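Written below as structure tokens is the structure these notes are about.
All chains are named by letter (A, B, ...) in the order of the sequence lines, taking the proteins before the strands, and each is independently numbered beginning at 1. Since this is a predicted model, take the numbers as computed values, not measurements.
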Amino acid sequence: MFFTQNPEDNLAINDRQKELLEEEVDETEEQFYYATQWQLMWWNFRKHRLAVGCGILILFMYLMVLVPEFIAPYEPSTRNRRYANAPPQRVRLVSDQGFHFRPFVYDLTQEIDPETLQRNYVLDKSTIKPIRFFVRGVDYKLWGLIPSNIHLFGVDDGMLFLFGTDRLGRDMFTRVIYAARISMSIGLIGVFLSFVLGLTLGGISGYLGGRVDNIIQRIMEIIRSFPQIPLWMALSAAIPPHWSPVRTYFAITVILSVIGWTNLARQVRSKIISLKNEDFVVAAQLSGTSETRIVTRHLIPSFMSHIIAVITLAIPTMILAETSLSFLGIGLRPPVVSWGVLLQQSQNLYALTQAPWLMIPGLFVVVYVLAFSFLGDGLRDAADPYGGMKR
Amino acid sequence: MPEMPDNVILSVKNLKKHFPIRKGFLRRSSGAVKAVNGVDFFIPSGETLGLVGESGCGKTTLGRVIVRALEPTAGQILFRTSQGVIDLAGLGKSELKNVRSHIQMIFQDPYSSLNQRMTILDIISEPLINFGHTRKECEERVSELLDMVGLNPRYMQRYPHSFSGGQRQRIGIARALALNPSLVVADEPVSALDVSVQAQVLNLLMDLQKQMQLTYLFISHDLSVVRYICDRVAVMYVGYIVEMAGTDQLYSKPRHPYTSTLLSAVPEASPHIPWNYSVLSGEVADPAADRQGCAFAPRCQYASDICSQEIPSLHDVSLPGEDGHYVACHFADKIELEGVS
Ligand SMILES: Nc1ncnc2c1ncn2[C@@H]1O[C@H](COP(=O)(O)OP(=O)(O)O)[C@@H](O)[C@H]1O
Ligand SMILES: [Mg+2]
């Protein structure tokens with residue numbers, strides 16, 4: 001239907017020019033030839049053992065904060081008078097009676113040092129408290145829906161403080177888990193907001209160019225030229241103190257992303273500008289492809305993988321920002337618990353010298369941030385699977 | 001309706017493309033790079049016109065303006081379709097889409113000209129889909145096209161990364177031919193390929209031309225390639241055409257000093273023939289500068305006063321028995337120049 005000339009002519013060319021392609025290829029090569037960009041990326045990413053490990057760790061952490069009520073043995077605000085500033089209890093397998101198959105802890109009892117009048121905790125070796133899994137404990141409603149009282153682990157009677165307790169006798173392990181929910185979600189939501197802002201404004205800026213680009217670029221430069229910490233402080237000082245914790249939480253996320261989007265917008269813009277001039281985009285224009293189709297079929301798929309890597313690397317920045325704000329006392333405020341809030345409470349000499357376990361939340365921040373950085377590095381390296389392919 | 005001779009498919013008149021140079025905080029325009037600065041030429045239907053010139057002289061820009069990937073600053077691009085002659089330079093977006101199927105482009109870089117994230121089938125069917133073909137028709141047509149360019153249609157579900165440079169270029173050619181265009185602008189289609197593959201692709205282009213009655217504007221800086229494939233050749237220097245003639249005529253009897261210098265830079269194929277090359281002195285003219293006279297004058301050994309005062313126009317200087325030899329030189333009739341055999 002397409003050609004006026006007889007098909008024999010076509011064959012004449014083919015016989016002469018049919019090329020190397022006929023040769024046999026083995027199966028892995030075959031797979032490679034049909035691989036989409038995501039498959040190629042996955043094969044590249046898989047080679048980064050550290051990044052894969054960090055990815056799994058992060059997945060695990062997020063699964064955990066989906067159900068903090070189940071993971072944590074207690075509630076974050078329950079106070080235990082008898083156990084203020086209790087040190088972490090060691091999980092043991094061997095007692096005076098020998099080896100136990102079930103891990104256990106010894107109960108703690110308080111003693112007052114007659115000389116210094118300091119309160120000390122001593123192990124009560126007569127009470128072996130075996131740790132049980134899926135025990136019944138405080139009632140809770142999972143996601144506000146499913147009523148339950150099963151906790152991942154606990155002891156039958158008495159208390160279990162894996163990470164010790166704070167000044168008011170609240171279980172640090174429970175608090176760290178609940179805080180993780182706030183801190184880890186603020187990172188995600190904040191990055192999501194700046195992603196939306198950055199993608200839209202950076203995309204418009206790069207795609208339209210000209211006047212619009214000029215205006216958006218200047219605005220971004222102005223935002224970026226403010227020193228960050230004072231800007232955060234000013235903005236969060238503007239949050240009314242009577243706002244509910246939830247509203248404050250969202251306000252803080254918005255503040256963080258209002259500043260964070262500029263970096264992403266710049267990346268999106270520069271990617272779009274360079275892609276717009278790639279020959280394959282020009283070719284698409286020349287064959288009458290609509291602008292919407294060019295954006296959705298050519299531009300977005302070409303920079304998406306890169307943007308995912310950039311976003312992954314932006315999440316730790318978000319969480320560090322939240323932690324710094326809360327640590328300085330101008331971010332989230334108790335009774336909301338975030339890692340920053342917990343760290344703020346360990347901000348005293350007593351914690352440093354007598355109760356170092358109060359700084360465990362800091363360890364979580366470090367692990368979380370590092371894990372995301374390694375994951376992001378791996379993703380960034382895998383993001384352009386075609387880079388080294390030119391033959 | 002604009003006029004042009006019946007056998008001509010494309011005629012470009014005083015075409016200009018200036019890129020504004022923007023500076024400062026407010027990105028104000030200060031001057032312009034005059035990449036294409038008053039180009040005239042025409043291509044008879046079914047022929048191949050070669051466009052040669054040093055790198056940076058504006059060949060790519062000219063090609064892209066003609067296919068309307070770029071907006072011309074001034075001038076006319078007259079193009080013959082079955083409905084008559086239209087001026088591409090004046091078309092708006094929606095009118096352009098209708099002529100897109102008649103004019104296509106083959107790109108220099110076989111890597112960046114294919115979207116790596118799409119299968120060969122999707123790449124070649126994109127133009128077909130834009131012009132309302134169904135998925136099934138596309139598949140049929142793509143396998144037909146792959147066959148024509150010498151690739152096995154069985155591999156249409158593969159991605160570009162499984163093909164070599166030469167094979168990718170064939171895919172690019174298949175895409176350009178999908179809509180049965182009448183004019184194809186090929187911007188250095190073989191210069192990124194190995195020499196062994198170059199000949200194969202050139203032969204393919206020539207075969208396809210015969211088969212589909214294509215007209216080529218063949219851009220290249222390689223004079224031997226141009227001589228092999230082109231019926232006529234236009235020589236470009238800093239934004240305009242200095243000489244245009246039939247291939248044999250231009251190579252054997254150049255009439256513009258610049259053409260002659262270019263030709264002398266091609267080494268002789270035989271070691272027994274002494275290689276008389278003349279070296280150009282001076283700098284290539286700055287495309288951003290305002291031009292008063294002939295752009296080549298500062299480097300031309302024949303230049304005199306008039307050359308730096310008056311811009312020479314491209315005019316017919318054919319001798320009896322020659323057809324269509326155009327030169328933009330004040331002294332075309334007076335100087336003797338050497339060509340190549
Ligand atoms: N988009 C652009 N913006 C500004 N200048 C350009 C642009 N494209 C090309 N030029 C300039 O136009 C001139 C001609 O370039 P080009 O057409 O690519 O030459 P060629 O293809 O002959 O090597 C060069 O000086 C180049 O720097
Ligand atoms: Mg070029």
Side-chain angles (χ1 to χ4, degrees), chain A residues 1-5 7 9-22 25 29-30 32-40 210-211 213-214 217-218 221 275 277-291 293-294 297-299 301-302 304-305 384-386 389-391, chain B residues 25-27 64 67-69 96-98 100-101 103-105 107-109 111-119 122-123 126-127 130-131 137 141 144 147-152 154-155 157-159 161-167 170 172 175-176 178-180 200 203-204 207-208 210-213:
Chain A
M1 65 177 176
F2 285 98
F3 287 107
T4 49
Q5 290 189 333
D9 292 351
N10 299 353
L11 288 179
I13 300 183
N14 294 327
D15 287 344
R16 184 161 55 71
Q17 286 178 331
K18 205 151 264 168
E19 270 201 292
L20 321 154
L21 268 182
E22 300 297 342
V25 283
E29 248 177 281
E30 189 77 7
F32 174 73
Y33 291 156
Y34 291 96
T36 64
Q37 70 158 325
W38 302 108
Q39 274 169 319
L40 291 172
R211 244 256 199 35
D213 179 34
N214 218 348
Q217 286 312 299
R218 297 298 90 79
E221 272 159 29
L275 279 172
N277 294 320
E278 289 265 349
D279 287 348
F280 72 83
V281 176
V282 177
Q285 280 162 353
L286 292 186
S287 54
T289 312
S290 68
E291 300 213 359
R293 203 181 136 93
I294 288 186
R297 286 282 308 213
H298 293 279
L299 298 183
S302 303
M304 216 50 218
S305 55
D384 180 18
Y386 307 106
M389 256 184 208
K390 287 204 180 186
R391 278 174 274 185
Chain B
F25 184 74
L26 292 171
R27 303 263 169 270
R64 293 197 173 203
V67 299
R68 281 301 307 272
L96 258 180
K97 190 185 166 186
N98 297 325
R100 289 276 189 226
S101 61
I103 307 179
Q104 281 297 313
M105 185 155 188
F107 295 84
Q108 172 171 8
D109 183 352
Y111 291 90
S112 82
S113 61
L114 306 180
N115 187 345
Q116 314 237 45
R117 292 160 178 85
M118 284 163 72
T119 60
D122 286 341
I123 291 173
E126 184 154 60
N130 294 336
F131 282 86
E137 283 173 336
R141 173 67 171 150
E144 192 180 1
D147 219 44
M148 282 171 56
V149 299
L151 292 174
N152 193 328
R154 234 180 29 182
Y155 300 130
Q157 296 290 358
R158 286 189 178 180
Y159 286 84
H161 65 253
S162 54
F163 297 94
S164 70
Q167 291 167 338
R170 286 165 190 258
R175 172 181 58 193
L179 292 168
N180 256 336
Q200 292 174 7
N203 289 339
L204 174 69
D207 286 335
L208 290 168
K210 255 184 255 146
Q211 238 188 93
M212 303 178 65
Q213 288 108 31

Pairwise distance CG(B:Leu114) to CD1(B:Ile123) - rounded to 0.5 angstrom: 5.0 Å
Heavy-atom proximity to chain A below 4.5 Å, by part of B:Gln104: side chain
Those residues that, when tested against A:Asp213, pass side-chain contact (heavy atoms from CB on, under 4.5 Å) (two or more places apart): A:Ser205, A:Gln217, A:Arg269
Reported NE2-to-CD distance for the pair A:His298 and A:Gln285, which is rounded to 0.5 angstrom: 9.5 Å
Winner by heavy-atom pair count (cut-off under 4.5 Å) against chain A, out of B:Arg117, B:Arg175, B:Lys97: B:Arg117
Among the listed options A:Val282, A:Thr289, A:Val281, A:Asp279, the residue most often paired with chain B at heavy-atom distances under 4.5 Å: A:Asp279
Which atoms of A:Gln39 approach chain B - backbone, side chain, both or neither, heavy atom under 4.5 Å: neither
Qualifying residues under side-chain contact (heavy atoms from CB on, under 4.5 Å), relative to A:Arg297, sequence neighbours excluded: A:Arg293, B:Met118, B:Asp122
